[in-house]
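Here is the structure we will look at.
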Amino acid sequence: MADVPATASRRPGTRAGRILLRLDRAADRPWFLPALSVFPLSDYVLPVLPNQLLLVGVSALHPRLWRAVALTFVTASAAGAFLVASVVQSAGLRLLEQIGGETGGAGEFVAQHGVLALAVLALLPWTPRLAVVACALAGISPWAIALTVLAARPLPVALLAATGARAPRLLRRFRRIDRVLTEVRAAGSGIGTEPGPRPGTLG
């Protein structure tokens, strides 16, 4: 019982750190990747989720899994785009007004260039939420939207995952990432102590 306070004191103080620690400890479970997919899938409606940080963090913790992690993020992002586009087209502007959504400059860009604009915006590190909504409102098929996201997202997602797996020291230059990884390491994840996953983890 004496060890409980010490363990609790090492619990990550940030939400991203706590999420990353749970994912790290579940990496040897068969439901690890499906659980991970919930984050990019939900990124369209819950933009407060630290998805980019989780992507590079999980890849840093389990470098041999970075390709599977990247594929999970890309697939879930495309599925999320399809679901959001379908809901927006079913509910129309009424839903957008109820949730207080705005497409802004992204909407104008998409209105002029269609799925090409979505493809360009999907090449950025973050999820193209507003572009997906704008495409849906423009009447573009949810399948076309999802396939465009599926085609464009691999590049930025793979770059982030590969950076986490191959260049963890580079991540330390970013204050927020360094803080979260330090918290998880202090909680016993073993970041930086081994070249690959710890015994018992996938990969």
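Everything numeric in this text was worked out from a predicted model, so none of it was measured.
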Spatial distance of atom CH2 (Trp31) from atom CG (Leu36) [nearest 0.5 Å] = 11.0 Å
remark   = So CG of Leu123 and CG of Leu159: to nearest 0.5 Å the spacing works out to 10.0 Å
ask   = At what distance, to the nearest 0.5 angstrom, does OG of Ser77 lie from CZ of Phe39?
value = 15.0 Å
query = For Ala152 and Ala122, which heavy atoms make the closest approach, and how far apart are they?
reply = CB-CB, 3.6 Å
task = Using atom types as modelled and distance alone, determine if a side-chain donor or acceptor of Arg153 lies under 3.5 Å from a backbone N or O of Leu124.
result = yes
query = Taking a hydrophobic cluster as the set of Ile, Leu, Val, Met, Phe, Trp and Tyr residues connected by side-chain heavy atoms closer than 4.5 Å, whether directly or through intermediates, do Val38 and Leu46 fall within one such cluster?
reply = no
Connected via hydrophobic side-chain network under 4.5 Å: Val69 and Val74 = yes
ask   = Is there a chain of hydrophobic side chains (I, L, V, M, F, W, Y, each step under 4.5 Å between heavy atoms) that links Trp66 to Val157?
value = no
key: Pro128 to Tyr44 - nearest heavy-atom pair and separation   = O-CE2, 4.3 Å
query = What is the distance from atom CG of Asn51 to atom CG of Leu41, rounded to the nearest 0.5 Å?
reply = 10.0 Å
inquiry  = Test of understanding: clusters of I, L, V, M, F, W, Y form through side-chain heavy atoms closer than 4.5 Å, transitively. Do Val132 and Ile140 belong to the same one?
reply    = yes
request  = Step by step, work out the side-chain contact (heavy atoms from CB on, under 4.5 Å) result for Val58 and Leu65.
outcome  = CA-CA 8 Å; Val58 170; Leu65 286 178; over 6 Å; no
ask   = Do the side chains of Thr75 and Ser37 get nearer than 4.5 Å, heavy atoms only?
value = no
remark   = In terms of heavy-atom contacts, Ala161 and Ser59 come closest through O-CB, 3.2 Å
note = Between Pro142 and Gln89 the two heavy atoms that sit nearest each other are CD-OE1, 3.5 Å
ask   = Under 3.5 Å, side chain of Gln52 to main-chain N/O of Pro125, donor-acceptor pair present?
value = yes
Point-to-point distance, once rounded to the nearest 0.5 Å, from CG of Leu150 to CD1 of Ile145 = 13.5 Å
ask   = Is there a chain of hydrophobic side chains (I, L, V, M, F, W, Y, each step under 4.5 Å between heavy atoms) that links Val88 to Val115?
value = yes
ask   = Rounded to the nearest 0.5 Å, how far does CZ of Phe73 lie from CG of Leu54?
value = 6.0 Å
message = Treating Thr127 as the side-chain partner and Arg129 as the backbone partner, does any N or O pair qualify as donor plus acceptor under 3.5 Å?
response = no
